[in-house]
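Some notes on the structure that comes next.
Order of the sequence lines fixes the chain letters, A, B, ..., with proteins taken first and strands second; residue numbering starts at 1 for each chain. Any value given below was found using the heavy atoms of this structure, including those in side chains, with hydrogens, waters and symmetry copies removed. Predicted model only: the values in this text are computed from it and were never measured.
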Protein chains: 2
Amino acid sequence: MTGSAALLTDRYELTMVDAALRDGTAHRESLFEAFARRLPDGRRYGVVAGTGRLLELIERFRFEDAELEWLAEHRVVRQETLDWLADYRFRGDVWGYREGEAYFPGSPLLTIQATFAEAVMLETVVLSTLNFDSSVASAAARMVSVALGRPIAEMGSRRTNERSAVAAARAAYIAGFDATSNLEAGRTWGIPTMGTAAHAFTLLHDTEEAAFRAQVAAFGPGTTLLIDTYDIATGVETAVRVAGTGLGAVRIDSGDLPSVAAAVRRQLDELGAVGTKITVTSDLDEFLIAALSGAPVDSYGVGTSVVTGSGSPAAGMVFKLVARKDDGGEWVSVAKSSTAKVSVGGRKNAARRLDSTRTAREEIVYVGDGPDGEAEFEADSTLRPLMVPLMRGGRADAAYTGHAGVAAARAHRAQVMQELPIEAFRLGRGEAVIPTTYR
Amino acid sequence: MTGSAALLTDRYELTMVDAALRDGTAHRESLFEAFARRLPDGRRYGVVAGTGRLLELIERFRFEDAELEWLAEHRVVRQETLDWLADYRFRGDVWGYREGEAYFPGSPLLTIQATFAEAVMLETVVLSTLNFDSSVASAAARMVSVALGRPIAEMGSRRTNERSAVAAARAAYIAGFDATSNLEAGRTWGIPTMGTAAHAFTLLHDTEEAAFRAQVAAFGPGTTLLIDTYDIATGVETAVRVAGTGLGAVRIDSGDLPSVAAAVRRQLDELGAVGTKITVTSDLDEFLIAALSGAPVDSYGVGTSVVTGSGSPAAGMVFKLVARKDDGGEWVSVAKSSTAKVSVGGRKNAARRLDSTRTAREEIVYVGDGPDGEAEFEADSTLRPLMVPLMRGGRADAAYTGHAGVAAARAHRAQVMQELPIEAFRLGRGEAVIPTTYR
């Protein structure tokens, strides 16, 4: 996916810039922060995703001629503002949680420092990427933890927008999925792709046997045959007759999976196909995967539930101005103060407190009043610092972008999961597994 | 959004083509059908959306060099298949429900006739577009019906993937929303855009008054001022003092909206700003909009709930091979016959039966065994035919694409809503408002 994200933006970002350029406040140095006020209902932790994608979108965020012409024609902003937009590129600094990090209510996931106009322009794209990708990653991480080491493939492209499908595959992979059905996710992000055949392939042929013969001729006996188009027991018998006992795997996409998987396993073993694996793919979510833990299943394919965040399709992150300079060049903490929806003003830093067993016990958010000064916690070995520089002067740190960024995020997530208290992995509803404390 | 959708595809579509090219079945003329087995839990009707976008994606569906090289490098398919993909363009026929049409369980929303290989390649993109867009449109239509004529703006870009945001704005507009905050949706689809300022704009300034002055200087007193950054009553007083009694509107984004709106209305009237409108925007969904029907609110802004399908983020549509020719050139109806997930094979046509008051009473699906023969219902005035030709020989009917397609879909939806029984608009859970009958 190439192209600028400049118009993937709410109109009010541009009108705010327009009015602020007029009165000069557009150039006030500002700090914006992305965070979630709460986790999705009943979740114990969230997983940050989207960061690497976002950094690339910010680097490419430019208004090109066609976009400027449309803005002019529709009188969205004045000519002076159009000139400013034509020159726009982000030159500020971004720091925040690494992609793949666990997060909790109030965790300062991303901080952007730049002039007001430069930073506010990015609000929509920051939230779109972090909200969607983190929603998928947070759901996917729960599925991975209940799969108990059995591989899971993401195959939900058809249940979400065609472009968000690519981002969903990436987020699920970062959260520990092993592969995706989405080819563009393979190409753009280096994620392993998988898939063999649908029911249509069997129905296309005059018989199930003819379909299986065609597939084995193309991909060899190590392929995965879909055995539930007609009668499952007949399908298994035909599959082993056609491919031999070296058949790679069979896929089951319907029925009461625990009992069907057990029957298929018995039949495969009786036929001598003791090495043939069983993969299941029928509307699974974290609860159904957990329910299959005792069944003879070797791998899972998950669609709808992972790409829609399993009940929480948006992670609920917000992007708030938390500090800005005044006319004297002094930083001023700011926050909305009307009812509900409370925000904490000021620059944040964050660390996770670990106990002697290296288990996370507390999310500590340090509230300062400006972006300067290193936090003292860096020398304390019970505290793991959570924020890293992601972008300086508008240039992303290459460690967090592209294929390398995805691989690093996936590895980081695996490490962070080791650190969470065991209660984090209970499926039932509950509070965030560690408290967030403001200092 | 330009670019080919060719790799926005599940790997198994290509491996099926690979195996079917090898045994010759790839060239069997085939009929695929997209339909929903059920409506989202408790919904009375669904609204078809995504069709126009889909037709454009199908016209542009090409494998370019970079994509073919990646497929070759990763050995997804054989060289012979790569050659076939390099020449691929869809040359078949598509017919189905018009965008904006109401649908029910089993409605044959889209039918594609082409060779197996040509048609199966489109499965993922067909389902991604129809599932996501219809999910948004189906939720949006409920919000429109409870808004009782008050305008609604879609402003959920930040709560969904940055590219799906554009599709969501389009689907909500088709379902009767009046505007969107998303600029790209304005440019690509001709949808009115709106938006003035966020809390950050007020916080950027030294005082709320300075912020309001800046906004009024830029956009005149007819603008919408956000009055809940600090104290709401003070905000209203300041807004009218700065803009005068000709102030266009105030926006409220927090608090108990029915009581806050009533207090703000009283205060505006006391200040003489009797023509100033009130718009509210705080995490609204169809239930909260209904609860505001008695409050002095003039318009709504809706974000998260509309772009995530208000609890049903995927419409659950599937794409099935329902008929294909045999070696003798005869059409054969096909359908999966294992447990659950039942499909009805064969070519479908559909009509909605209307009673003497032109109220819909029945969704009739005619099941044939091939694509030929006009249905006899076209002469019966109590039956409204539902399927139209959307694409012939790979060329889309321009009436359904681009800006014109969006406008036509929105108008069609408005007309169709008039036809639904009044029970369709009850918010509570229930069955589909009319039954689906197979003939």
Side-chain angles (χ1 to χ4, degrees), chain A residues 5 7-12 15-16 18-19 22-23 25 70 116 120 124-125 127-129 131-132 157-165 167 181 183-184 187 193 195-201 203-205 214-215 218 228-230 254-255 304 308 313-314 321 324 334 336-341, chain B residues 5 7-12 15-16 18-19 22-23 25 70 116 120 124-125 127-129 131-132 157-165 167 181 183-184 187 193 195-201 203-205 214-215 218 228-230 254-255 304 308 313-314 321 324 334 336-341:
Chain A
L7 282 199
L8 301 174
T9 296
D10 289 319
R11 180 174 168 132
Y12 78 4
T15 52
M16 285 193 278
D18 190 81
R22 188 187 282 259
D23 80 349
T25 52
W70 184 83
F116 176 80
V120 78
T124 311
V125 75
L127 289 176
S128 291
T129 49
N131 268 322
F132 179 77
S157 293
R158 61 189 56 195
R159 303 279 183 241
T160 186
N161 174 274
E162 73 280 5
R163 297 278 169 191
S164 56
S181 63
L183 291 167
E184 190 62 56
R187 185 167 72 122
T193 62
T196 54
H199 296 108
F201 187 76
L203 296 171
L204 168 68
H205 287 83
Q215 191 178 324
D228 69 345
T229 304
Y230 305 113
S254 55
T304 311
T308 59
L321 180 67
R324 47 107 184 141
V334 297
K336 187 178 161 184
S337 61
S338 62
T339 52
K341 292 193 183 176
Chain B
L7 283 199
L8 301 174
T9 296
D10 288 319
R11 179 174 170 133
Y12 79 4
T15 53
M16 284 192 279
D18 189 83
R22 187 186 285 259
D23 81 348
T25 51
W70 184 83
F116 175 81
V120 79
T124 311
V125 76
L127 290 176
S128 291
T129 48
N131 269 321
F132 179 77
S157 293
R158 62 190 57 195
R159 303 280 184 242
T160 186
N161 174 274
E162 72 280 5
R163 298 277 168 191
S164 56
S181 63
L183 291 167
E184 190 62 55
R187 185 168 72 124
T193 60
T196 53
H199 296 109
F201 187 76
L203 296 171
L204 168 68
H205 287 82
Q215 192 178 325
D228 70 344
T229 303
Y230 306 112
S254 55
T304 311
T308 59
L321 180 68
R324 47 103 184 146
V334 297
K336 186 177 160 181
S337 61
S338 61
T339 51
K341 292 193 184 177

Minimum heavy-atom distance [X]-[Y], with the two atoms named:
X	Y	value
A:Asp23	B:Ala214	OD2-CB, 3.2 Å
A:Ala200	B:Phe116	O-CE1, 3.8 Å
B:Arg22	A:Ala218	NE-CA, 3.4 Å
A:Met16	B:Ala197	CG-CA, 3.7 Å

Exercise. Among A:Leu204, A:Thr129, A:Thr160, A:Asp18, which has the most heavy-atom pairs under 4.5 Å with chain B?
Worked result: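 That would be A:Leu204.
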Exercise. Taking every heavy-atom pair that is under 4.5 Å apart, which of A:Asp10, A:Leu127, A:Leu8, A:Val125 has the most such pairs with chain B?
Worked result: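 Most heavy-atom pairs under 4.5 Å with chain B: A:Asp10.
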For this session: Identify which part of B:Ser157 has an atom lying under 4.5 Å from any heavy atom of chain A, answering side chain, backbone, both or neither.
Result: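 It is both, since atoms from each part get that close.
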Problem set entry | Leading residue by heavy atom contact count with chain A [cutoff under 4.5 Å; candidates B:Val334, B:Leu183, B:Thr308] |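 It is B:Leu183.
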Problem set entry | Winner by heavy-atom pair count (cut-off under 4.5 Å) against chain A, out of B:Ala165, B:Ser128, B:Gly195, B:Ala167 |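 Answer, by heavy-atom pair count under 4.5 Å with chain A: B:Ser128.
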Exercise. Distance only, no hydrogens: is a donor on one side chain within 3.5 Å (strictly under) of an acceptor on the other, for B:Arg11 and A:Thr193?
Worked result: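 The criterion, which ignores hydrogens and geometry beyond distance, is satisfied for A:Thr193 and B:Arg11.
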For this session: Verify the distance criterion only: is there a donor paired with an acceptor across the side chains of A:Asn161 and B:Ser164 at less than 3.5 Å?
Result: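 Checked: A:Asn161/B:Ser164 side chains show no N/O donor-acceptor pair below 3.5 Å.
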Please report the interatomic distance [atom1]([X]) to [atom2]([Y]), rounded to the nearest 0.5 Å.
X	Y	atom1	atom2	answer
B:Ser254	A:Lys336	OG	NZ	4.0 Å
A:Thr9	B:Arg158	OG1	CZ	10.0 Å
B:Glu184	A:Leu7	CD	CG	5.0 Å
A:Arg324	B:Leu203	CZ	CG	8.0 Å
B:Asn131	A:Thr304	CG	OG1	7.5 Å

For this session: Output all residues satisfying ring pair (Phe, Tyr, Trp, His ring centres under 6.0 Å) with A:Tyr12, sequence neighbours left out; order by chain, then residue number.
Result: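 Ring pair (Phe, Tyr, Trp, His ring centres under 6.0 Å) list for A:Tyr12, sorted by chain: empty.
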For this session: Flag the pair B:Thr15 / A:Gln215 as yes when at least one side-chain heavy-atom distance between them is below 4.5 Å, and no otherwise.
Result: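 Answer no - side chains too far apart.
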Exercise. Under 4.5 Å between any side-chain heavy atoms of B:Glu162 and A:Thr124, yes or no?
Worked result: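 Result no, sub-4.5 Å side-chain heavy-atom pair not found.
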For this session: Applying side chain to side chain contact (heavy atoms under 4.5 Å, CB included), run through A:His199 and B:Leu321 and close with a yes or a no.
Result: CA-CA 8 Å; A:His199 296 108; B:Leu321 180 68; over 6 Å; no
Exercise. Contact part of A:Phe201 toward chain B, heavy-atom cut-off under 4.5 Å: side chain, backbone, both or neither?
Worked result: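 It is both, since atoms from each part get that close.
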Exercise. Quick one: does A:Thr25's side chain have a donor or acceptor within less than 3.5 Å of a partner on B:His205's backbone?
Worked result: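 Absent.
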